[in-house]
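Reminder, nothing fancy here: chain letters follow the sequence lines and each chain counts from 1.
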Amino acid sequence: MIILENVCLNYPISNKNLSIRKNIVSGIFGSNVKNDYIEALKEINLKFENGVYGLSGSNGSGKTSLLKLVAGIYPPSSGKIEVSGSISSMIDINFGFNPELTGVENIEFRLIVEGIKKHQRESMIEKIKHETELGEYLYLPIKTYSTGMRFRLAFFTSLYIESDILLLDEWIGVADQKLRDKVDKLIFERIAKSKVTLIASHNLERMQKICNKIVFFEKGEILKIT
Amino acid sequence: MNYLKEFFKCFSYPDIWIFYSHKNIILKYKDTILGPFWNVINSIFLISVLSLSYFLFLDPDNFKNFVYRLSISVFFWLFISASLNSFTSLLEDKKDLLNEKKVDVKNFVCENIYTNFLIFLHSIPIILILLFVSDFKFQLSLLFALLGLLMVLINLTLIGYFIMIMSAIYKDVKKIVENLVYAFFFATPIIWSESIVSENIQKILYFNPFYHFIVLFRDPLMNNFNERFYVSFFICLLLIVTIFFINLRINKRLENKTILYL
């Protein structure tokens, strides 16, 4: 279960040349901008119980910030967040990979970060290697990968990390049609294993198919919940 | 005392920083024939130039001992300075990972110290060879160099945490640290001996923490284990306590907000 009570998130802006920055940033973000920070989320009150939830909204509306708050990556500027259960996520566009390391090394590191013990890691790496279908590419630095290949690596690594809460951001956009079909099937199986799933996406039609509820965001505020 | 608990947690599950340290070294010296020994060769080059100057222009009576002293000092200084300098960009380098997964940043402190320490270990054979060549003897007091090393490692860990957090938030800290490290190279008796300066300057040296770091490691290795070691040990202990309390505050107020500044 995830509970957010009066949660606000402010991004600090550099104090240097504040007056110039203020003008530029306020031109882009409109009323979100205060003197030295941007209000990314304002007074958010939400409760996510078992189920699949969609987060919808335009760019900069606060979807990813909410996922990062739930994941514990960002601290709330004010308010309270309660998260019960383990978390697995696919949030950042770079998936936290080190571009200099090979695919296999990145899988291993991701499993280490998740706290998986060495004896379990070896068998998991073998399974993930097989599922990604990346073949010899797995032994090349991932800076040589296309975005789709990185997605494969990230997706199948996250898939094998069991957790109570699954956080996905724009999770399907970079996959090709063949991979989308495979991912669709697997994601439903994975969602079934997780107690709470939060998906942030622009694809409303897709979310309506799989989500129990969709939260709509605009300029860091909740617009409506359907 | 969450700060201390979190550090102990990093040590009880060291897989994260050990993995990255080993990979860092492999990547840094990838495709080179000599690997981390390049670091040693760079230092040997510096030591050779300084030793040659000493031989040509100054009294060559204690030449062997001078080279031995200089080698310990330079190798150890390079370990300290490389560690401190890399702390300034550590979180920026880990931005991608920190934006994807909540990872305790103290793991990166351990990673950085461990990586630089492994590189430093490559210079130990040179120090041992020079110990045999010099007039210094193997004595039980040599073991105090290990105690001194431990003291320096604890200090670097705490100072490193402070620099890492502050340089992520305040962008000037990187340049300040770089310049200070550069200045302290000349202000610390590394390429010169404290015996050649006046008593007043020697007194001022006591305010230089890097002087005490060098003393703690170098003096026992040079059969020079006396009250100066105890004084430096006490000062380093005091430094640990002071930085620890500063870090407690940083841990509580700034650490989890750091990601927002990257």
Distance to the ring centre below 6.0 angstrom and angle to the axis at most 45 degrees; does that hold for B/Lys102 and A/Tyr74?
no
Under a 4.5 Å heavy-atom cut-off, does chain B meet the side chain of A/Ile87, its backbone, both or neither?
backbone
Part of B/Leu98 lying under 4.5 Å from any heavy atom of chain A
backbone
Which region of A/Asn98, side chain (C-beta onward) or backbone (N, CA, C, O), has a non-hydrogen atom less than 4.5 Å from a non-hydrogen atom of chain B, or is it both or neither?
both
Sidechain-backbone polar pair: A/Ser86 side chain, A/Asp164 backbone, donor-acceptor under 3.5 Å
yes
Would B/Tyr161 and B/Tyr3 count as a close aromatic pair, with their ring centres under 6.0 Å?
yes
Consider ring pair (Phe, Tyr, Trp, His ring centres under 6.0 Å). Of B/Phe76, B/Phe75, B/Phe144, B/Phe210, which one does B/Phe217 pass it with?
B/Phe76
Given the options B/Asn107, B/Val103, B/Leu97, B/Ile169, which has more heavy-atom pairs under 4.5 Å with chain A than any of the others?
B/Leu97
